[in-house]
Amino acid sequence: MYNLENFTIDNFFWPIIKSKTFQNIPNLKILDLKFNNIYKGMEADAFYNLAQLEDLDLSSCEIMQLNLNAFNGLPNLKKLNFWGNNLEVL
């Protein structure tokens, strides 16, 4: 999976994205997580080691809490889709 550039997981029950969840797939450019039930949000460094990531889709994930440090280390991120979430805490 090291050379994977596009990864999609949708319609999955995933209450929280833990720190460094994707660290072993550093060449990702597109990460599509739409329609997952991530209602507890993301821990700090959830997207650690994804310096190549350009497109992150977190739409309609029921996210209610957002740790801004979850997005640390995403220097090439050009598109973040956060539409359709229920943010209560920022």
| query | Going by atom types only, do Asn86 and Glu62 share a side-chain donor-acceptor pair under 3.5 Å? | reply | yes
| query | Would you find a donor on one side and an acceptor on the other, under 3.5 Å apart, between the side chain of Asn49 and the backbone of Gln23? | reply | yes
| Got a second to check how far Leu28's CG is from Glu54's CD, nearest 0.5 Å? | 11.0 Å
| field | Cluster overlap Leu56 with Phe35, hydrophobic side-chain contacts below 4.5 Å | value | no
| note | Checking Asn6, Asp55, Ile9, Leu53 against Leu31 for side chain to side chain contact (heavy atoms under 4.5 Å, CB included), the one that qualifies is Leu53
| Backbone of Ile38 reached by a side-chain donor or acceptor of Asn36 within 3.5 Å | no
| Heavy-atom side-chain contact between Phe22 and Ile17 under 4.5 Å | yes
| message | Strictly distance-based, threshold 3.5 Å: is any side-chain N or O of Glu43 a donor or acceptor partner for the main-chain N or O of Ser19? | response | yes
| Rounded distance [0.5 Å steps], CE in Met42 versus OG1 in Thr21 | 11.0 Å
| note | Distance col, row Tyr39:OH vs Trp14:CH2, nearest 0.5 angstrom, shows 14.0 Å
| task | Check for a donor-acceptor pair, side chain of Asp10 on one end and backbone N or O of Phe12 on the other, with a separation under 3.5 Å. | result | no
| Test item: Ile63 and Leu87 side chains (from C-beta on) under 4.5 Å apart, heavy atoms | yes
| remark: Scanning both residues in full, the closest heavy-atom pair of Asn69 with Asn67 reads N-OD1, 2.8 Å
| message | Quick check for you: to the nearest 0.5 Å, what is the distance between Leu4 atom CG and Ile30 atom CD1? | response | 10.5 Å
| remark: When rounded to the nearest 0.5 Å, the distance separating CH2 of Trp83 from CG of Leu58 is 13.5 Å
| Is there a path of hydrophobic side-chain contacts, each under 4.5 Å between heavy atoms of I, L, V, M, F, W or Y residues, that connects Leu68 with Tyr48? | no
| Side-chain heavy-atom pair Ser59, Lys34 within 4.5 angstrom cut-off | yes
| task | Measure from the side-chain N and O atoms of Asn76 to the backbone N and O of Ala51, and report whether any donor-acceptor pair falls under 3.5 Å. | result | yes
| query | For the atom pair NZ (Lys29) and CD (Glu5), what is the distance rounded to the nearest 0.5 Å? | reply | 4.5 Å
| Flag, side chain of Asn85 to backbone of Cys61, donor-acceptor distance under 3.5 Å | yes
| When the ring planes of Phe71 and Phe47 are compared, do they come out parallel, tilted or perpendicular, using 30° and 60° as the limits? | parallel
